[in-house]
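Note that the structure is a prediction, hence the values are computed from the model and not measured.
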Amino acid sequence: MKYETMIKIMMLLLTKRKLTASQIADRYGISTRSVYRYVEELNVCGVPVDVTRGRYGGIYVADTFRLPTGYLTRGEYSAAINALNAMASQVTDENIISALEKLQRQQKSEKRELSVCGNIIVDGGTWGGGKKFSEKMRVCESAVNDKACLLIDYISRGGEHSKRVIDPHVLIFKQNVWYVYAFCHTKQTFRTFKIGRIKSASFTGERFLRKEFTRDEIDLDFYYPSEKFTDVTLEINKSSLADVEEWLGIDNIEPRGNSFFARLALPDDGGLVNKILSFGGAVKVLEPAELKEKVAAAARKIAEEY
């Protein structure tokens, strides 16, 4: 009985945008305390059920979560839903209503199985996590197109965890990474959010009026102020040329004799040293001396570990 109720709550939340604990408790004849306990257990099972307070508060499942596809074809979904709708109009049966809600939610998920930007398939996620990233991309793209407000659960580069409402205006693709440029209700200004750092996103049910802006107003340096960049000269071994070209861009690399060199400004943070080391010695820092020493020190530390 307990697990049957948990499944019903999950399906109800997948069908409805947001509900209160009292609404769920009344529907299934349980206490609000039991509702919160079931929500906690669903989270343990991997279903991202969230609880928030305030204007956009309630219990809900993020729009970036979906059920596995492939149970039925679209034609089978439509036929089953039509038949259940007809039965539900004649017979009051909780099982029929529950089955109808499950199929309606699954049909909605199936219809969302499309690639971003029509014929372009985008997978900017990590290995093994492509589907989750694609879901976040779909939600952000839909929000931009429909001028729909999103409630996002965001983790910043510094590890700060926050929930905020944003008005997504445009998607940005830079250095093989996707971002969404949005007006942040919390900061009351535009911010650039890395989609890979959005843990979950849900539609609030509200629309926004698009604010006018030009491309020049968007700071495409995002997290790196000008003082964080440094002029770097690199020598590149031919064995890793293709990978470095994807990192720095073909235009920034030129051949000299049997080697290849790159001179450009790069953000001088911990990630730069790690990126250079990832080429296993095929990329050598020539300038500046300070960066060269940082790479050498990091390499020595790695060697000591082994």
Side-chain heavy atoms of Glu287 within contact of Arg263, under 4.5 Å: yes
Donor-acceptor contact below 3.5 Å, side chain Asp50 vs main chain Tyr60: no
Minimum-distance pair of heavy atoms, taken over all atoms of Val295 and Val273: CA-CG1, 4.1 Å
Minimal non-hydrogen separation, Phe208 against Ala143, with atom names: CE2-O, 4.1 Å
Shared hydrophobic cluster for Ile250 and Leu241 (ILVMFWY, side-chain gaps under 4.5 Å): no
Shortest non-hydrogen contact from Ile166 toward Cys184: CG2-CA, 4.3 Å
Side-chain donor or acceptor of Ser31 paired with backbone N/O of Ser34 under 3.5 Å: yes
Note, Leu264 side chain near Asp231 side chain (heavy atom, < 4.5 Å): no
Student check: side-chain heavy atoms of Leu150 and Phe203 closer than 4.5 Å: yes
Rounded distance [0.5 Å steps], CH2 in Trp178 versus NZ in Lys194: 14.0 Å
Shared-cluster residues of Leu209, by chain and number - hydrophobic side chains joined below 4.5 Å: none
Closest non-hydrogen atom pair between His169 and Arg210, with its separation: O-NH1, 2.9 Å
Trace of the side chain to side chain contact (heavy atoms under 4.5 Å, CB included) decision for Glu245 with Ile253: CA-CA 7 Å; Glu245 285 175 338; Ile253 299 173; 3.7 Å; yes
Expected output: side-chain Arg197 to main-chain Tyr154 donor-acceptor under 3.5 Å: no
Check: Ile9 main-chain N/O paired with Arg27 side-chain donor or acceptor under 3.5 Å: no
Residue pair Ser259 / Asn237, side-chain heavy-atom distance below 4.5 Å: no
Closest non-hydrogen atom pair, Pro288 against Thr230: CG-OG1, 4.1 Å
Verify same cluster id: Ile24, Tyr36 (apolar side-chain graph, 4.5 Å): yes
Path from Leu248 to Leu277 over hydrophobic side-chain contacts below 4.5 Å: yes
Side chains of Leu171 and Glu141 in contact at under 4.5 Å (non-hydrogen atoms): yes
4.5 Å side-chain heavy-atom contact, Phe260 and Val244: no
Geometric class of the Tyr181/Phe190 ring pair [parallel <30°, tilted 30-60°, perpendicular >60°]: parallel
Test log, rule side chain to side chain contact (heavy atoms under 4.5 Å, CB included), inputs Trp247 and Ile276: CA-CA 10 Å; Trp247 171 36; Ile276 293 170; 4.2 Å; yes
Sidechain-backbone polar pair: Arg207 side chain, Asp146 backbone, donor-acceptor under 3.5 Å: yes
Donor-acceptor contact present, side-chain Ser278 to main-chain Lys275, <3.5 Å: yes
Ile59: which of Leu19, Leu13, Thr20, Thr52 passes side-chain contact (heavy atoms from CB on, under 4.5 Å): Leu13
Check: Ser162 and Thr186 side chains under 4.5 Å, non-hydrogen atoms: no
Side chain proximity check, His161 to Asp153, heavy atoms < 4.5 angstrom: yes
same_hphob_cluster(Val180, Ile155) at 4.5 Å side-chain heavy-atom cutoff: no
side-chain hydrogen bond (donor to acceptor under 3.5 Å, both in side chains) contacts touching residues 294-306 (sequence neighbours left out): Glu293-Arg300
Nearest heavy-atom neighbours spanning Ala182 and Pro168: CB-CA, 3.6 Å
Same cluster (ILVMFWY, side-chain, under 4.5 Å), Leu291 and Ile236: yes
